[in-house]
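Comments concern the structure below.
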Amino acid sequence: MKQSDRIRKRLKELPASPGVYFHKDRSGKIIYVGKASILKNRVRQYFQSSRDMDPKTLALVAEITDFDWITVDSEMDALFLESEMIKRYKPRFNILMRDDKSELFVRINMNDPYPYVSYTHRPLDDGANYYGPYYNGGAAKRALRSLRRVFPYSTHQVMPKRLCLQYHLGLCPGVEAQMISSQDYKKTLRSLIDVLQGGRKRIIGQLEKEMRAAAKEKQFETAAMLRNKIFGLKALSTQIVFGDEEFMDISKDHALKGLSELLGLKNAPRRIEGYDISHMQGTHNVASMVVATNGIADKTQYRKFKMRLPGNNDFGHMHEVITRRFNKTHDNWPKPDLLVIDGGRGQLAAALDAMDEREIKIPAVGLAKRLEEVVIHKSRSNVDLHLNGFPTASVRESDDFVIVLLDHDSDIVKLLQRVRDESHRFAVSYHTNLKRDYQTKSILDEIPGIGPATRRKLVQAFGSAKAIETLTQPQLAAVIGGSKAKLVFDWAQKR
(Lines give C-alpha, C1' and ligand atoms only; values in the text may rest on other atoms or scores of the structure.)
Protein backbone atom coordinates (compact mmCIF):
# COMPACT_ATOMS: atom_id res chain seq x y z
CA MET A 1 0.00 0.00 0.00
CA LYS A 2 1.37 3.43 -0.96
CA GLN A 3 2.07 5.95 1.76
CA SER A 4 -0.78 8.26 0.63
CA ASP A 5 -3.23 5.32 0.49
CA ARG A 6 -2.22 4.22 4.01
CA ILE A 7 -2.67 7.73 5.41
CA ARG A 8 -6.05 8.14 3.70
CA LYS A 9 -7.19 4.85 5.23
CA ARG A 10 -5.99 5.88 8.69
CA LEU A 11 -7.71 9.28 8.41
CA LYS A 12 -11.05 7.56 7.88
CA GLU A 13 -10.56 5.61 11.14
CA LEU A 14 -10.04 8.70 13.31
CA PRO A 15 -12.74 9.19 15.98
CA ALA A 16 -14.54 12.44 16.75
CA SER A 17 -13.26 12.33 20.34
CA PRO A 18 -10.68 14.15 22.46
CA GLY A 19 -7.29 12.51 22.62
CA VAL A 20 -3.56 12.53 21.98
CA TYR A 21 -2.04 11.72 18.58
CA PHE A 22 1.42 10.45 17.62
CA HIS A 23 3.06 11.23 14.28
CA LYS A 24 5.67 8.67 13.17
CA ASP A 25 8.42 8.63 10.56
CA ARG A 26 9.39 5.91 8.10
CA SER A 27 11.14 3.85 10.80
CA GLY A 28 8.08 3.95 13.09
CA LYS A 29 9.69 6.38 15.51
CA ILE A 30 7.43 8.96 17.18
CA ILE A 31 8.49 12.40 15.95
CA TYR A 32 5.63 14.54 17.26
CA VAL A 33 2.96 14.29 19.99
CA GLY A 34 -0.08 16.56 20.03
CA LYS A 35 -3.49 16.84 21.67
CA ALA A 36 -6.88 17.50 20.17
CA SER A 37 -10.41 18.22 21.33
CA ILE A 38 -11.62 16.37 18.21
CA LEU A 39 -8.98 13.99 16.86
CA LYS A 40 -10.72 13.58 13.50
CA ASN A 41 -10.55 17.31 12.74
CA ARG A 42 -7.11 18.09 14.18
CA VAL A 43 -5.09 15.28 12.59
CA ARG A 44 -6.69 15.83 9.17
CA GLN A 45 -5.43 19.43 9.18
CA TYR A 46 -1.86 18.15 8.73
CA PHE A 47 -2.75 16.60 5.37
CA GLN A 48 -4.82 19.43 3.91
CA SER A 49 -3.60 22.50 2.04
CA SER A 50 -0.10 23.53 3.12
CA ARG A 51 -0.44 27.20 2.15
CA ASP A 52 -0.87 28.43 5.74
CA MET A 53 1.72 26.15 7.35
CA ASP A 54 4.93 27.54 8.79
CA PRO A 55 8.27 26.02 7.63
CA LYS A 56 8.67 23.85 10.75
CA THR A 57 5.22 22.30 10.32
CA LEU A 58 5.93 21.69 6.62
CA ALA A 59 9.14 19.87 7.60
CA LEU A 60 7.17 17.76 10.09
CA VAL A 61 4.48 16.82 7.56
CA ALA A 62 7.15 15.82 5.02
CA GLU A 63 8.42 13.15 7.44
CA ILE A 64 5.05 11.72 8.57
CA THR A 65 4.44 8.26 7.15
CA ASP A 66 1.97 7.02 9.78
CA PHE A 67 0.19 8.15 12.92
CA ASP A 68 -1.59 6.71 15.94
CA TRP A 69 -3.80 8.05 18.69
CA ILE A 70 -5.26 7.45 22.15
CA THR A 71 -8.77 8.66 22.98
CA VAL A 72 -9.70 10.12 26.38
CA ASP A 73 -12.85 11.53 27.98
CA SER A 74 -12.21 15.25 27.80
CA GLU A 75 -9.92 18.02 26.64
CA MET A 76 -8.46 18.24 30.15
CA ASP A 77 -7.48 14.57 29.93
CA ALA A 78 -5.76 15.25 26.63
CA LEU A 79 -3.87 18.21 28.10
CA PHE A 80 -2.33 16.20 30.95
CA LEU A 81 -1.69 13.09 28.84
CA GLU A 82 0.07 15.12 26.12
CA SER A 83 2.45 16.57 28.73
CA GLU A 84 3.29 13.11 30.08
CA MET A 85 3.85 11.60 26.63
CA ILE A 86 6.13 14.43 25.50
CA LYS A 87 8.22 13.96 28.66
CA ARG A 88 8.33 10.23 27.91
CA TYR A 89 9.20 10.20 24.21
CA LYS A 90 10.97 13.58 23.81
CA PRO A 91 9.86 13.74 20.14
CA ARG A 92 12.23 15.63 17.90
CA PHE A 93 9.65 18.01 16.40
CA ASN A 94 8.12 18.91 19.75
CA ILE A 95 11.58 20.15 20.74
CA LEU A 96 12.22 21.91 17.39
CA MET A 97 8.82 23.61 17.31
CA ARG A 98 8.71 24.92 20.85
CA ASP A 99 10.11 28.06 22.43
CA ASP A 100 10.51 29.19 26.04
CA LYS A 101 7.09 30.86 25.98
CA SER A 102 5.28 27.72 24.81
CA GLU A 103 6.13 25.64 27.88
CA LEU A 104 4.16 26.38 31.03
CA PHE A 105 4.76 24.92 34.48
CA VAL A 106 2.51 25.13 37.52
CA ARG A 107 4.51 26.08 40.62
CA ILE A 108 3.48 25.22 44.21
CA ASN A 109 5.92 25.46 47.12
CA MET A 110 4.50 23.21 49.84
CA ASN A 111 7.26 24.37 52.21
CA ASP A 112 5.53 27.75 52.57
CA PRO A 113 2.99 28.05 55.41
CA TYR A 114 0.35 29.19 52.89
CA PRO A 115 1.56 28.15 49.42
CA TYR A 116 0.33 30.07 46.42
CA VAL A 117 -0.28 28.66 42.94
CA SER A 118 1.56 30.38 40.11
CA TYR A 119 2.82 29.77 36.57
CA THR A 120 6.30 29.99 35.12
CA HIS A 121 8.13 29.17 31.88
CA ARG A 122 11.43 28.41 33.63
CA PRO A 123 11.50 26.16 36.72
CA LEU A 124 14.13 26.95 39.34
CA ASP A 125 15.94 24.71 41.81
CA ASP A 126 14.22 26.43 44.73
CA GLY A 127 12.61 23.54 46.58
CA ALA A 128 9.17 24.15 45.06
CA ASN A 129 7.17 21.54 43.16
CA TYR A 130 6.69 22.11 39.42
CA TYR A 131 3.98 20.38 37.39
CA GLY A 132 4.20 20.22 33.60
CA PRO A 133 5.41 21.28 31.16
CA TYR A 134 2.12 22.05 29.45
CA TYR A 135 2.51 23.00 25.80
CA ASN A 136 -0.73 24.95 25.64
CA GLY A 137 -0.43 27.50 28.40
CA GLY A 138 -3.93 28.87 27.89
CA ALA A 139 -5.49 25.43 28.22
CA ALA A 140 -3.47 24.69 31.37
CA LYS A 141 -4.63 27.92 32.98
CA ARG A 142 -8.26 27.22 32.04
CA ALA A 143 -7.94 23.75 33.59
CA LEU A 144 -6.59 25.21 36.84
CA ARG A 145 -9.36 27.83 36.88
CA SER A 146 -11.95 25.05 36.61
CA LEU A 147 -10.30 23.08 39.40
CA ARG A 148 -10.16 26.22 41.55
CA ARG A 149 -13.95 26.11 41.90
CA VAL A 150 -13.59 22.72 43.55
CA PHE A 151 -10.32 23.34 45.43
CA PRO A 152 -9.99 27.07 46.27
CA TYR A 153 -6.37 28.20 46.31
CA SER A 154 -4.37 31.39 46.83
CA THR A 155 -2.44 33.23 44.13
CA HIS A 156 -1.03 35.84 46.55
CA GLN A 157 2.75 36.10 46.28
CA VAL A 158 2.48 39.09 48.63
CA MET A 159 -0.27 38.84 51.24
CA PRO A 160 -2.88 41.65 50.95
CA LYS A 161 -3.95 43.46 54.11
CA ARG A 162 -7.60 42.49 53.76
CA LEU A 163 -9.71 39.72 52.23
CA CYS A 164 -9.48 39.64 48.43
CA LEU A 165 -12.26 39.58 45.84
CA GLN A 166 -11.46 35.93 45.02
CA TYR A 167 -12.33 34.99 48.61
CA HIS A 168 -15.81 36.51 48.23
CA LEU A 169 -16.22 34.61 44.95
CA GLY A 170 -15.35 31.32 46.68
CA LEU A 171 -12.10 30.87 44.75
CA CYS A 172 -9.62 31.73 47.55
CA PRO A 173 -9.80 30.30 51.08
CA GLY A 174 -8.87 33.62 52.71
CA VAL A 175 -5.30 32.81 53.68
CA GLU A 176 -4.51 36.52 54.10
CA ALA A 177 -6.75 36.61 57.20
CA GLN A 178 -6.07 33.04 58.36
CA MET A 179 -9.68 32.05 57.54
CA ILE A 180 -8.26 28.55 57.11
CA SER A 181 -5.41 26.85 58.98
CA SER A 182 -2.18 26.08 57.19
CA GLN A 183 -2.79 22.37 57.73
CA ASP A 184 -6.31 22.40 56.22
CA TYR A 185 -5.19 24.60 53.33
CA LYS A 186 -2.35 22.24 52.46
CA LYS A 187 -4.80 19.36 52.57
CA THR A 188 -6.84 21.16 49.89
CA LEU A 189 -3.72 21.74 47.78
CA ARG A 190 -2.69 18.09 48.07
CA SER A 191 -6.12 17.11 46.73
CA LEU A 192 -5.69 19.55 43.84
CA ILE A 193 -2.26 18.08 43.05
CA ASP A 194 -3.64 14.55 43.25
CA VAL A 195 -6.25 15.41 40.63
CA LEU A 196 -3.59 16.92 38.36
CA GLN A 197 -1.60 13.70 38.72
CA GLY A 198 -4.49 11.36 38.03
CA GLY A 199 -5.99 10.66 41.45
CA ARG A 200 -9.50 11.88 40.62
CA LYS A 201 -11.26 8.63 41.52
CA ARG A 202 -9.39 8.26 44.79
CA ILE A 203 -10.14 11.87 45.76
CA ILE A 204 -13.84 11.45 44.93
CA GLY A 205 -13.93 8.31 47.11
CA GLN A 206 -12.27 10.13 49.99
CA LEU A 207 -14.68 13.09 49.70
CA GLU A 208 -17.67 10.74 49.66
CA LYS A 209 -16.39 9.07 52.83
CA GLU A 210 -15.96 12.45 54.52
CA MET A 211 -19.40 13.56 53.35
CA ARG A 212 -21.09 10.50 54.89
CA ALA A 213 -19.20 11.01 58.15
CA ALA A 214 -20.24 14.70 58.28
CA ALA A 215 -23.87 13.81 57.60
CA LYS A 216 -23.79 11.17 60.33
CA GLU A 217 -22.52 13.80 62.78
CA LYS A 218 -25.35 16.11 61.56
CA GLN A 219 -22.80 18.60 60.17
CA PHE A 220 -25.04 19.24 57.19
CA GLU A 221 -23.31 22.41 55.99
CA THR A 222 -19.98 20.56 55.76
CA ALA A 223 -21.68 17.60 54.06
CA ALA A 224 -23.25 19.91 51.47
CA MET A 225 -19.87 21.56 50.75
CA LEU A 226 -18.27 18.14 50.22
CA ARG A 227 -21.16 17.07 48.00
CA ASN A 228 -20.59 20.12 45.79
CA LYS A 229 -16.89 19.26 45.48
CA ILE A 230 -17.81 15.73 44.39
CA PHE A 231 -20.27 17.01 41.78
CA GLY A 232 -17.66 19.47 40.53
CA LEU A 233 -15.00 16.78 40.13
CA LYS A 234 -17.36 14.40 38.37
CA ALA A 235 -18.41 17.16 35.99
CA LEU A 236 -14.79 17.80 35.02
CA SER A 237 -14.31 14.13 34.00
CA THR A 238 -10.52 14.45 34.30
CA GLN A 239 -7.64 11.99 34.29
CA ILE A 240 -9.02 8.65 33.13
CA VAL A 241 -5.67 7.31 31.93
CA PHE A 242 -3.55 7.04 35.09
CA GLY A 243 -5.09 4.44 37.40
CA ASP A 244 -5.22 0.66 37.17
CA GLU A 245 -9.01 0.72 36.74
CA GLU A 246 -9.02 3.43 34.09
CA PHE A 247 -8.78 2.69 30.39
CA MET A 248 -5.87 3.24 28.10
CA ASP A 249 -5.14 1.23 24.97
CA ILE A 250 -1.57 0.19 25.77
CA SER A 251 -1.37 -1.83 22.56
CA LYS A 252 -0.68 1.57 20.95
CA ASP A 253 2.11 2.38 23.38
CA HIS A 254 5.26 1.58 21.43
CA ALA A 255 7.50 1.56 24.49
CA LEU A 256 5.40 -0.98 26.41
CA LYS A 257 4.93 -3.16 23.35
CA GLY A 258 8.65 -3.07 22.54
CA LEU A 259 9.62 -3.79 26.14
CA SER A 260 7.37 -6.86 26.28
CA GLU A 261 8.89 -8.11 22.99
CA LEU A 262 12.46 -7.52 24.15
CA LEU A 263 11.98 -9.31 27.48
CA GLY A 264 9.68 -12.01 26.15
CA LEU A 265 6.82 -11.05 28.47
CA LYS A 266 3.42 -12.61 27.87
CA ASN A 267 1.68 -9.24 28.09
CA ALA A 268 2.68 -5.59 28.10
CA PRO A 269 3.73 -4.62 31.66
CA ARG A 270 0.76 -2.62 32.98
CA ARG A 271 2.43 -1.88 36.32
CA ILE A 272 6.16 -1.12 36.39
CA GLU A 273 7.85 -0.40 39.73
CA GLY A 274 11.16 1.47 39.91
CA TYR A 275 13.56 1.46 42.91
CA ASP A 276 16.46 3.65 43.98
CA ILE A 277 18.54 4.38 47.12
CA SER A 278 19.62 7.80 48.41
CA HIS A 279 21.90 8.80 51.30
CA MET A 280 24.74 11.14 52.24
CA GLN A 281 27.87 9.30 53.35
CA GLY A 282 25.75 6.59 54.93
CA THR A 283 23.37 8.90 56.83
CA HIS A 284 19.63 9.48 56.38
CA ASN A 285 19.42 6.37 54.19
CA VAL A 286 16.18 6.09 52.22
CA ALA A 287 14.71 4.12 49.32
CA SER A 288 11.97 4.96 46.84
CA MET A 289 9.39 2.93 44.96
CA VAL A 290 7.74 4.67 42.00
CA VAL A 291 5.04 3.24 39.78
CA ALA A 292 4.21 3.60 36.09
CA THR A 293 0.71 2.39 35.30
CA ASN A 294 0.21 1.73 31.58
CA GLY A 295 3.52 3.52 31.05
CA ILE A 296 2.38 6.72 32.83
CA ALA A 297 3.70 8.00 36.17
CA ASP A 298 1.12 6.99 38.80
CA LYS A 299 2.21 9.20 41.70
CA THR A 300 -0.61 8.14 44.02
CA GLN A 301 1.10 4.72 44.14
CA TYR A 302 4.59 6.00 45.04
CA ARG A 303 6.04 4.76 48.34
CA LYS A 304 9.13 5.68 50.37
CA PHE A 305 11.15 3.69 52.88
CA LYS A 306 13.43 4.83 55.68
CA MET A 307 16.28 2.31 55.77
CA ARG A 308 16.93 0.33 58.93
CA LEU A 309 20.34 -0.95 57.82
CA PRO A 310 22.96 1.67 58.83
CA GLY A 311 25.97 2.83 56.83
CA ASN A 312 26.87 3.26 53.18
CA ASN A 313 25.68 -0.02 51.67
CA ASP A 314 23.72 0.36 48.43
CA PHE A 315 23.48 -3.38 47.84
CA GLY A 316 22.29 -4.06 51.40
CA HIS A 317 19.75 -1.26 51.20
CA MET A 318 18.40 -2.53 47.86
CA HIS A 319 18.02 -5.98 49.41
CA GLU A 320 16.18 -4.41 52.35
CA VAL A 321 13.70 -2.36 50.33
CA ILE A 322 12.74 -5.27 48.06
CA THR A 323 12.36 -7.53 51.12
CA ARG A 324 10.09 -4.98 52.78
CA ARG A 325 8.12 -4.29 49.59
CA PHE A 326 7.14 -7.98 49.36
CA ASN A 327 6.47 -8.35 53.07
CA LYS A 328 3.06 -9.86 53.90
CA THR A 329 1.98 -6.52 55.36
CA HIS A 330 1.93 -5.17 51.79
CA ASP A 331 -0.10 -7.99 50.25
CA ASN A 332 -2.81 -5.44 49.45
CA TRP A 333 -0.46 -3.54 47.12
CA PRO A 334 -1.01 -4.40 43.43
CA LYS A 335 1.42 -6.95 42.03
CA PRO A 336 3.96 -5.45 39.60
CA ASP A 337 4.55 -6.85 36.11
CA LEU A 338 8.15 -5.60 36.00
CA LEU A 339 10.75 -4.19 38.42
CA VAL A 340 13.30 -1.62 37.21
CA ILE A 341 16.31 -1.30 39.52
CA ASP A 342 18.41 1.86 39.35
CA GLY A 343 21.91 0.44 39.04
CA GLY A 344 23.98 -2.33 37.54
CA ARG A 345 24.79 -5.92 38.37
CA GLY A 346 25.29 -5.45 42.13
CA GLN A 347 22.01 -3.63 42.74
CA LEU A 348 20.05 -6.05 40.53
CA ALA A 349 21.65 -9.10 42.20
CA ALA A 350 20.70 -7.74 45.65
CA ALA A 351 17.09 -7.24 44.53
CA LEU A 352 16.95 -10.74 43.01
CA ASP A 353 18.38 -12.25 46.22
CA ALA A 354 15.56 -10.63 48.20
CA MET A 355 12.96 -11.88 45.72
CA ASP A 356 14.38 -15.42 45.80
CA GLU A 357 14.19 -15.44 49.60
CA ARG A 358 10.52 -14.49 49.37
CA GLU A 359 9.98 -16.95 46.48
CA ILE A 360 8.79 -14.09 44.27
CA LYS A 361 8.93 -14.66 40.51
CA ILE A 362 8.54 -11.27 38.83
CA PRO A 363 10.57 -9.98 35.83
CA ALA A 364 13.31 -7.62 37.02
CA VAL A 365 16.02 -5.68 35.18
CA GLY A 366 18.57 -3.03 36.05
CA LEU A 367 19.35 0.20 34.20
CA ALA A 368 22.98 1.28 34.56
CA LYS A 369 23.41 5.06 34.42
CA ARG A 370 26.62 5.62 32.47
CA LEU A 371 25.65 4.03 29.15
CA GLU A 372 21.95 3.36 29.88
CA GLU A 373 22.60 -0.39 29.66
CA VAL A 374 19.76 -2.81 30.40
CA VAL A 375 21.14 -5.37 32.85
CA ILE A 376 19.56 -8.84 32.92
CA HIS A 377 20.49 -11.91 34.98
CA LYS A 378 20.72 -14.98 32.75
CA SER A 379 18.65 -17.25 34.97
CA ARG A 380 17.03 -15.16 37.72
CA SER A 381 15.56 -12.08 35.99
CA ASN A 382 12.48 -14.10 34.98
CA VAL A 383 12.64 -12.84 31.39
CA ASP A 384 13.20 -14.50 28.03
CA LEU A 385 15.42 -12.12 26.06
CA HIS A 386 14.47 -11.75 22.37
CA LEU A 387 16.75 -9.62 20.19
CA ASN A 388 15.43 -10.58 16.75
CA GLY A 389 13.41 -7.40 16.40
CA PHE A 390 16.29 -5.18 17.59
CA PRO A 391 19.00 -5.29 14.91
CA THR A 392 20.90 -2.26 16.29
CA ALA A 393 21.16 -3.63 19.84
CA SER A 394 24.59 -4.67 21.10
CA VAL A 395 24.96 -7.43 23.69
CA ARG A 396 27.77 -8.58 25.93
CA GLU A 397 27.97 -11.09 28.73
CA SER A 398 29.54 -10.51 32.14
CA ASP A 399 29.59 -13.43 34.57
CA ASP A 400 25.93 -14.42 35.08
CA PHE A 401 24.56 -11.28 33.44
CA VAL A 402 23.62 -10.15 29.95
CA ILE A 403 24.18 -6.46 29.21
CA VAL A 404 21.97 -5.02 26.44
CA LEU A 405 22.72 -1.64 24.90
CA LEU A 406 19.83 -0.28 22.83
CA ASP A 407 19.64 2.84 20.69
CA HIS A 408 19.45 5.75 23.17
CA ASP A 409 16.58 7.21 21.13
CA SER A 410 14.49 4.06 21.33
CA ASP A 411 11.09 4.21 23.00
CA ILE A 412 12.08 1.38 25.35
CA VAL A 413 15.08 3.25 26.71
CA LYS A 414 13.03 6.43 27.14
CA LEU A 415 10.41 4.56 29.17
CA LEU A 416 13.03 2.89 31.40
CA GLN A 417 14.82 6.21 31.82
CA ARG A 418 11.60 7.89 32.88
CA VAL A 419 10.95 5.25 35.54
CA ARG A 420 14.59 5.29 36.71
CA ASP A 421 14.77 9.10 36.82
CA GLU A 422 11.50 9.31 38.76
CA SER A 423 12.74 6.78 41.34
CA HIS A 424 15.96 8.78 41.71
CA ARG A 425 14.11 12.10 42.04
CA PHE A 426 11.67 10.70 44.61
CA ALA A 427 14.46 9.12 46.69
CA VAL A 428 16.57 12.30 46.68
CA SER A 429 13.50 14.38 47.62
CA TYR A 430 12.73 12.15 50.62
CA HIS A 431 16.38 12.13 51.70
CA THR A 432 16.52 15.93 51.50
CA ASN A 433 13.35 16.26 53.57
CA LEU A 434 14.68 13.92 56.24
CA LYS A 435 17.94 15.82 56.45
CA ARG A 436 16.14 19.16 56.66
CA ASP A 437 13.70 17.87 59.31
CA TYR A 438 16.62 16.59 61.38
CA GLN A 439 18.41 19.93 61.20
CA THR A 440 15.22 21.87 61.96
CA LYS A 441 14.25 19.57 64.81
CA SER A 442 17.60 20.09 66.58
CA ILE A 443 16.97 23.86 66.64
CA LEU A 444 13.33 23.59 67.67
CA ASP A 445 14.36 21.39 70.60
CA GLU A 446 15.49 24.61 72.27
CA ILE A 447 11.92 25.94 72.60
CA PRO A 448 10.68 25.40 76.18
CA GLY A 449 7.23 23.86 76.46
CA ILE A 450 7.13 22.58 72.87
CA GLY A 451 7.07 18.81 72.50
CA PRO A 452 7.75 16.40 69.61
CA ALA A 453 4.19 16.45 68.24
CA THR A 454 4.11 20.25 68.05
CA ARG A 455 7.59 20.36 66.48
CA ARG A 456 6.38 17.89 63.86
CA LYS A 457 3.38 20.11 63.06
CA LEU A 458 5.64 23.14 62.71
CA VAL A 459 8.04 21.33 60.36
CA GLN A 460 5.20 19.96 58.23
CA ALA A 461 3.52 23.37 57.96
CA PHE A 462 6.50 25.70 57.55
CA GLY A 463 9.46 23.56 56.50
CA SER A 464 12.36 25.13 58.40
CA ALA A 465 13.30 26.94 61.58
CA LYS A 466 14.35 29.94 59.50
CA ALA A 467 10.82 30.20 58.09
CA ILE A 468 9.28 29.77 61.53
CA GLU A 469 11.33 32.67 62.90
CA THR A 470 9.74 35.07 60.37
CA LEU A 471 6.09 34.20 61.12
CA THR A 472 3.55 36.27 63.01
CA GLN A 473 1.85 34.93 66.11
CA PRO A 474 -1.55 34.55 64.32
CA GLN A 475 0.11 32.51 61.55
CA LEU A 476 1.63 30.17 64.14
CA ALA A 477 -1.67 29.99 66.04
CA ALA A 478 -3.46 28.78 62.89
CA VAL A 479 -1.31 25.62 63.05
CA ILE A 480 -0.53 24.94 66.74
CA GLY A 481 -3.01 27.03 68.74
CA GLY A 482 -2.71 30.31 70.64
CA SER A 483 -0.80 29.33 73.79
CA LYS A 484 1.89 27.34 71.99
CA ALA A 485 2.12 29.97 69.28
CA LYS A 486 3.07 32.54 71.94
CA LEU A 487 5.88 30.27 73.21
CA VAL A 488 7.28 29.82 69.70
CA PHE A 489 6.87 33.49 68.81
CA ASP A 490 8.63 34.64 72.01
CA TRP A 491 11.46 32.17 71.33
CA ALA A 492 11.85 33.45 67.76
CA GLN A 493 12.02 37.07 68.91
CA LYS A 494 14.96 36.27 71.23
CA ARG A 495 17.04 34.58 68.54
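What you see is a predicted model; the values in this text were computed from it and never measured. Here, residue 1 is the first one in the sequence, and each next residue gets the next number.
- Around the CD atom of Gln183, the shell of radius 6.0 Å holds no more than 12 heavy atoms that belong to other residues, nucleotides or ligands.
- A donor-acceptor distance shorter than 3.5 angstrom exists from the side chain of Asn94 to the backbone of Val33, with no hydrogens or angles considered.
- For the pair Leu81/Lys35, no side-chain contact is recorded, criterion being any heavy-atom separation below 4.5 Å from C-beta on.
- In this structure, Lys457 places its NZ atom where only 12 or fewer heavy-atom neighbours from other residues, nucleotides or ligands lie under 6.0 Å away.
- The distance from atom CG of Leu259 to atom CG of Leu265, rounded to the nearest 0.5 Å, is 6.5 Å.
- In this structure, the side chains of Trp491 and Leu487 stay at 4.5 Å or more apart for every pair of heavy atoms.
- Atom CZ of Phe489 sits about 10.0 Å away from atom CD of Gln475, to the nearest 0.5 Å.
- If you take CG on Asn285 and CG on Asn312, they are separated by 7.5 Å, rounding to the nearest 0.5 Å.
- The closest donor-acceptor contact from the side chain of Arg303 to the backbone of Met289 lies at 3.5 Å or more, if one exists at all.
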Test side chain to side chain contact (heavy atoms under 4.5 Å, CB included) on Val428 and His424; report intermediate values, then the result.
CA-CA 6 Å; Val428 170; His424 180 70; 3.7 Å; yes
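- The backbone N or O of Lys87 sits nowhere less than 3.5 Å from a side-chain atom of Lys414 that would complete a donor-acceptor pair.
- Using a 4.5 Å heavy-atom cutoff, the side chains of Val374 and Ile412 are not in contact.
- Of the charged side-chain nitrogens involved, none lies within less than 4.0 Å of a carboxylate oxygen, so that Arg425 and Asp421 do not count as a salt-bridged pair.
- With contacts defined as side-chain heavy-atom distances shorter than 4.5 Å, the pair Leu165/Leu171 does not qualify.
- Looking at heavy atoms from C-beta onward, Arg420 lies in side-chain contact with Glu372 at the 4.5 angstrom threshold.
- Of all heavy-atom pairs spanning Ala349 and Arg380, the tightest one is O-NH2, 3.9 Å.
- Although no hydrogens or angles enter the test, the distance criterion places a donor-acceptor pair under 3.5 Å between the side chain of His317 and the main chain of Leu309.
- Asn109 CG to Tyr130 OH: the interatomic distance, rounded to the nearest 0.5 Å, is 8.0 Å.
- Between the side chain of Tyr167 and the main chain of Ala177, no donor-acceptor pair closer than 3.5 Å is present.
- Between the side chain of Asn327 and the main chain of Thr329, a donor-acceptor pair closer than 3.5 Å is present.
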Worked check of side chain to side chain contact (heavy atoms under 4.5 Å, CB included) between Arg271 and Lys335
CA-CA 8 Å; Arg271 179 183 172 97; Lys335 182 180 177 181; over 6 Å; no
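- Within the 3.5 Å criterion, the main-chain N or O of Ala215 finds no donor-acceptor partner in the side chain of Lys218.
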Using the rule given for salt bridge (Lys or Arg N to Asp or Glu O under 4.0 Å), can you reason through Glu84 versus Arg418, listing the C-alpha separation, both sets of side-chain angles and the distance that settles it, and then say yes or no?
CA-CA 10 Å; Glu84 187 67 32; Arg418 183 100 171 93; 2.7 Å; yes
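- Rounding to the nearest 0.5 Å places CG of Leu416 at 7.5 Å from CG of Leu338.
- When every heavy atom of Thr155 is checked against every heavy atom of Val117, the shortest pair comes out as CG2-O, 3.7 Å.
- Looking at Glu273 and Gln301, their side chains never come closer than 4.5 Å, going by heavy atoms from C-beta outward.
- A donor-acceptor pair under 3.5 Å is formed between the side chain of Ser288 and the backbone N or O of Ser423.
- Pro115 and Leu189 make their closest contact through CB-CD1, 3.6 Å (heavy atoms, listed as atom of the first residue, atom of the second, distance).
- A donor-acceptor pair shorter than 3.5 Å cannot be found between the side chains of His319 and Asp353.
- Here the straight-line distance linking atom CD1 of Ile180 with atom OH of Tyr185 works out to 8.0 Å at 0.5 Å rounding.
- Considering all non-hydrogen atoms of both residues, Leu339 and Pro336 come closest at CD2-CG, 3.8 Å.
- Lys186 has its side chain out of reach of Pro113: every pair of non-hydrogen atoms, C-beta onward, lies at least 4.5 Å apart.
- Scanning both residues, Ser381 and Ala364, for their nearest heavy atoms gives OG-O, 2.8 Å.
- Checked by atom type and distance alone, the side chain of Glu320 pairs as donor or acceptor with a backbone atom of Arg308 at under 3.5 Å.
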Should Leu352 and Ile341 be marked as a side chain to side chain contact (heavy atoms under 4.5 Å, CB included) after you check the CA-CA gap, both sets of side-chain angles, and the distance that decides it?
CA-CA 10 Å; Leu352 293 173; Ile341 306 300; over 6 Å; no
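- Between the side chains of Glu422 and Tyr302, a donor-acceptor pair is found at a separation under 3.5 Å.
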Given Ile272 and Asp337, is the side chain to side chain contact (heavy atoms under 4.5 Å, CB included) satisfied, shown in steps?
CA-CA 6 Å; Ile272 301 175; Asp337 300 301; over 6 Å; no
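- Checked for salt-bridge contact, Arg42 and Glu82 miss the test: no charged N lies under 4.0 Å from a carboxylate O.
- Using modelled atom types, no side-chain atom of Ser182 and backbone atom of Val479 make a donor-acceptor pair closer than 3.5 Å.
- The shortest non-hydrogen separation linking Tyr131 to Ile193 is OH-CD1, 3.3 Å.
- Considering only heavy atoms from C-beta on, Asp342 stays 4.5 Å or farther from Gln347 through its side chain.
- Ring geometry for His330 against Phe305 counts as perpendicular: the plane angle is over 60°, on a 0 to 90° scale with 30° as the lower cut.
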